[in-house]
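Since the structure comes first, as structure tokens, the remarks are kept for the end.
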Amino acid sequence: MKDMHVSDSVIYVGVDDTTLDLFEGQYRIPYGVSYNSYLIMDDKTAVMDTVDPRGTKEWLQKIQAALGDRKPDYLVVQHMEPDHSGSIRSFLDTYPETTVVGNKKTFPILKQFFDLKEQTVSVDEGDTLTLGSHTLQFFMAPFVHWPEVMVTYEQSEKLLFSADGFGTFGALSEDIDWITEARRYYINIVGKYGTQVQALLKKASGLDIAAILPLHGPVLKSDLGYYIGKYLTWSSYEPEDKGVVVAYASLHGNTGKAARQFADILREKGEQQVAVFDLNRDDMSVAVEYAYRYDRLVLASVTYDASLHPAMEDFLYHLKIKNFQKRTVGYIQNGSWGPVSAKFMKAHIAQMKDMTEVEPVVTIRSTLSEANITELESLADALIG
């Protein structure tokens with residue numbers, strides 16, 4: 001279990017979920033996920049967000065154990081996505097005198113999920129709520145990554161409750177690498193909204209932050225500049241590292257063989273970081289993550305029904321909707337008669353910002369020829385520069 005102790009007054013009451021196979025119905029989470037919630041104990045008490053319905057029972061038990069004979073005064077709703085709001089109704093049924101705190105965009109969405117009859121307080125940018133020695137200050141974070149999102153700064157202990165910001169895949173009971181699961185989470189969940197994340201980071205830069213408390217993953221208590229620096233890079237769409245992703249969609253194995261041979265050529269020429277993805281089999285979210293991580297991308301696809309292989313089409317769609325940009329791209333196409341996949345790959349890339357294409361486009365007729373090997377060498381040289 002990660003160290004989720006915050007302070008004597010701020011108590012972690014979230015739950016792990018190690019049984020869910022797909023997050024948001026599409027992202028594989030072999031190490032599960034945590035649904036984080038926090039309880040602030042003061043003259044008045046505040047619960048920061050709820051949890052997915054899959055964890056309601058355990059979460060309520062933790063709340064009840066921490067509160068004892070006390071009752072919660074406030075429930076702060078920072079984000080209405082069901083993995084964080086899914087236990088609101090159960091919580092209010094248990095504690096009906098609780099005041100629900102949200103913003104003007106929270107409550108219309110909330111009423112789409114729940115019948116809300118309890119007392120509410122609507123807060124706006126910079127508003128505060130005093131619990132005693134603790135004071136909550138609210139900052140709007142629209143489209144990070146839903147329109148109603150806000151984050152909360154606790155002034156006395158200098159804590160930033162960051163909603164989905166700085167979250168990760170992976171249950172807290174699992175041994176995960178933060179950077180890997182945080183990058184994959186950010187790019188696939190929040191990646192489209194870089195401009196909005198940059199705006200939130202600008203607000204956060206004016207705060208004295210001692211710890212960041214996200215809604216997924218561990219509490220971040222030290223070296224905060226490292227984590228914030230990663231978010232600055234990711235949200236600006238700049239490459240994180242020098243490296244090449246070779247992503248291929250193969251029908252009978254020949255395009256895949258060419259892609260792997262090209263990766264070997266890159267390594268022989270001194271390229272240190274080369275990641276190869278079989279788009280038919282590998283985790284799409286990891287392929288997207290690495291495309292964002294590295295500064296160069298090579299797309300290799302067989303021609304299929306006079307167009308792209310569906311796996312390549314899917315990969316490029318994922319890149320496009322996550323606002324992929326600022327990369328260098330090369331192409332390998334294959335086709336037994338009339339190879340045209342490069343034309344369609346180029347059409348996708350043309351819809352992305354600040355993309356640089358390199359030559360040659362390597363065209364394979366069924367299987368690699370000696371001439372193709374020479375072309376692959378030339379393409380590698382162009383990528384390495």
Side-chain angles (χ1 to χ4, degrees), residues 239 241-282 284 286-288 290-320 324-385:
D241 296 306
K242 286 183 65 64
V244 182
V245 167
V246 182
Y248 71 87
S250 193
L251 195 60
H252 297 293
N254 292 307
T255 306
K257 180 179 179 181
R260 293 189 296 273
Q261 189 158 342
F262 178 68
D264 289 340
I265 291 170
L266 286 170
R267 296 184 186 105
E268 289 165 3
K269 290 180 176 291
E271 190 64 50
Q272 296 298 307
Q273 299 195 93
V274 181
V276 181
F277 292 96
D278 177 350
L279 298 176
N280 290 315
R281 295 174 175 82
D282 292 334
M284 183 64 70
V286 177
V288 171
Y290 270 79
Y292 269 78
R293 178 180 177 182
Y294 289 160
D295 62 336
R296 286 155 292 168
L297 171 66
V298 174
L299 303 171
S301 180
V302 66
T303 299
Y304 187 77
D305 286 344
S307 185
L308 284 177
H309 190 289
M312 178 59 72
E313 191 87 48
D314 189 33
F315 177 60
L316 290 168
Y317 170 78
H318 276 81
L319 292 181
K320 184 166 57 179
F324 189 67
Q325 56 187 272
K326 300 181 182 179
R327 299 299 192 273
T328 298
V329 187
Y331 304 95
I332 301 170
Q333 66 175 348
N334 192 0
S336 295
W337 67 91
V340 293
S341 54
K343 177 180 73 173
F344 291 97
M345 292 187 287
K346 282 175 169 284
H348 281 282
I349 295 299
Q351 299 176 55
M352 304 175 193
K353 298 177 183 177
D354 299 326
M355 302 294 280
T356 301
E357 297 176 308
V358 297
E359 297 289 343
V361 173
V362 179
T363 298
I364 301 165
R365 296 278 184 167
S366 300
T367 59
L368 277 174
S369 65
E370 288 299 320
N372 288 150
I373 301 299
T374 301
E375 291 173 327
L376 292 176
E377 296 272 357
S378 297
L379 179 58
D381 289 338
L383 282 168
I384 293 172

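Starting from 1, each residue takes its place in the sequence as its number.
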Exercise. Step by step, would you call V244 with L297 a side-chain contact (heavy atoms from CB on, under 4.5 Å)?
Worked result: CA-CA 6 Å; V244 182; L297 171 66; over 6 Å; no
Problem set entry | Stepwise side-chain contact (heavy atoms from CB on, under 4.5 Å) check, Q273 with K242 | CA-CA 7 Å; Q273 299 195 93; K242 286 183 65 64; 5.6 Å; no
For this session: Let me see the working for L299 and I332 under side-chain contact (heavy atoms from CB on, under 4.5 Å), right down to the final yes or no.
Result: CA-CA 6 Å; L299 303 171; I332 301 170; over 6 Å; no
For this session: Give the intermediate values and the outcome of side-chain contact (heavy atoms from CB on, under 4.5 Å) for residues T356 and V329.
Result: CA-CA 6 Å; T356 301; V329 187; over 6 Å; no
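Not one N or O on the side chain of D314 forms a donor-acceptor pair closer than 3.5 Å with the backbone of P310. In terms of modelled atom types and a separation under 3.5 Å, the side chain of N280 and the main chain of S250 share a donor-acceptor contact. A donor-acceptor contact shorter than 3.5 Å links the side chain of R296 to the backbone of L383. Judged by distance alone, the side chain of S307 and the main-chain N or O of T303 form no donor-acceptor pair under 3.5 Å. No side-chain donor-acceptor contact under 3.5 Å links Q325 to the backbone of M355. Between the side chain of D295 and the backbone N or O of G243, at least one donor-acceptor pair lies under 3.5 Å.
In this pair, F324 and Y292 present their aromatic rings perpendicular. The plane angle is above 60°, beyond the 30 to 60° band.
We find the CG-OG1 distance between N334 and T367 to be 8.0 Å, quoted to the nearest 0.5 Å. With rounding to the nearest 0.5 angstrom, the CG atom of L368 is 8.0 Å from the CG atom of N254.
Residue pairs meeting the ring pair (Phe, Tyr, Trp, His ring centres under 6.0 Å) criterion with at least one member in residues 352-385: none, sequence neighbours excluded. Residue pairs meeting the salt bridge (Lys or Arg N to Asp or Glu O under 4.0 Å) criterion with at least one partner in residues 248-265, sequence neighbours excluded, are D264-R267. Here salt bridge (Lys or Arg N to Asp or Glu O under 4.0 Å) pairs that include residues 300-312, with residues two or more places apart or in two chains, number zero.
Not a single side-chain hydrogen bond (donor to acceptor under 3.5 Å, both in side chains) links R365 to another residue, sequence neighbours left out. For S369, the side-chain hydrogen bond (donor to acceptor under 3.5 Å, both in side chains) partners at least two apart in sequence or on another chain are N372. With sequence neighbours excluded, no residue forms a salt bridge (charged side-chain N to carboxylate O under 4.0 Å, His left out) with E375. Under the ring-ring contact (aromatic ring centres under 6.0 Å, His included) criterion, Y290 pairs with F277, Y294, sequence neighbours left out. Residues that satisfy the side-chain contact (heavy atoms from CB on, under 4.5 Å) test with A380, not counting sequence neighbours, are F262, I265, L266, K269. F315 pairs by the ring-ring contact (aromatic ring centres under 6.0 Å, His included) definition with nothing, not counting sequence neighbours. The side-chain hydrogen bond (donor to acceptor under 3.5 Å, both in side chains) search around T328 returns none, not counting sequence neighbours. Under the side-chain hydrogen bond (donor to acceptor under 3.5 Å, both in side chains) criterion, K320 pairs with Q351, not counting sequence neighbours.
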Distance-only donor-acceptor hits, side chain of residues 336-350, under 3.5 Å, sequence neighbours excluded:
{"unit_1": "S336", "atom_1": "OG", "unit_2": "S366", "atom_2": "OG", "d": "2.8"}
{"unit_1": "S341", "atom_1": "OG", "unit_2": "S301", "atom_2": "O", "d": "2.8"}
{"unit_1": "H348", "atom_1": "NE2", "unit_2": "E313", "atom_2": "OE2", "d": "2.6"}

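When every heavy atom of V276 is checked against every heavy atom of A263, the shortest pair comes out as CG2-CB, 3.4 Å. Between A258 and L376, the shortest heavy-atom distance links the atoms O-CD1, 4.2 Å. The heavy-atom pair separating L316 from M352 by the smallest distance is O-CE, 3.9 Å. Between V358 and A382, the shortest heavy-atom distance links the atoms CB-CB, 4.1 Å.
Between R293 and D241 there is a salt bridge, since a side-chain N of the basic residue sits under 4.0 Å from a carboxylate O of the acidic one.
Between H309 and Y248 the shortest side-chain heavy-atom distance does not fall below 4.5 Å.
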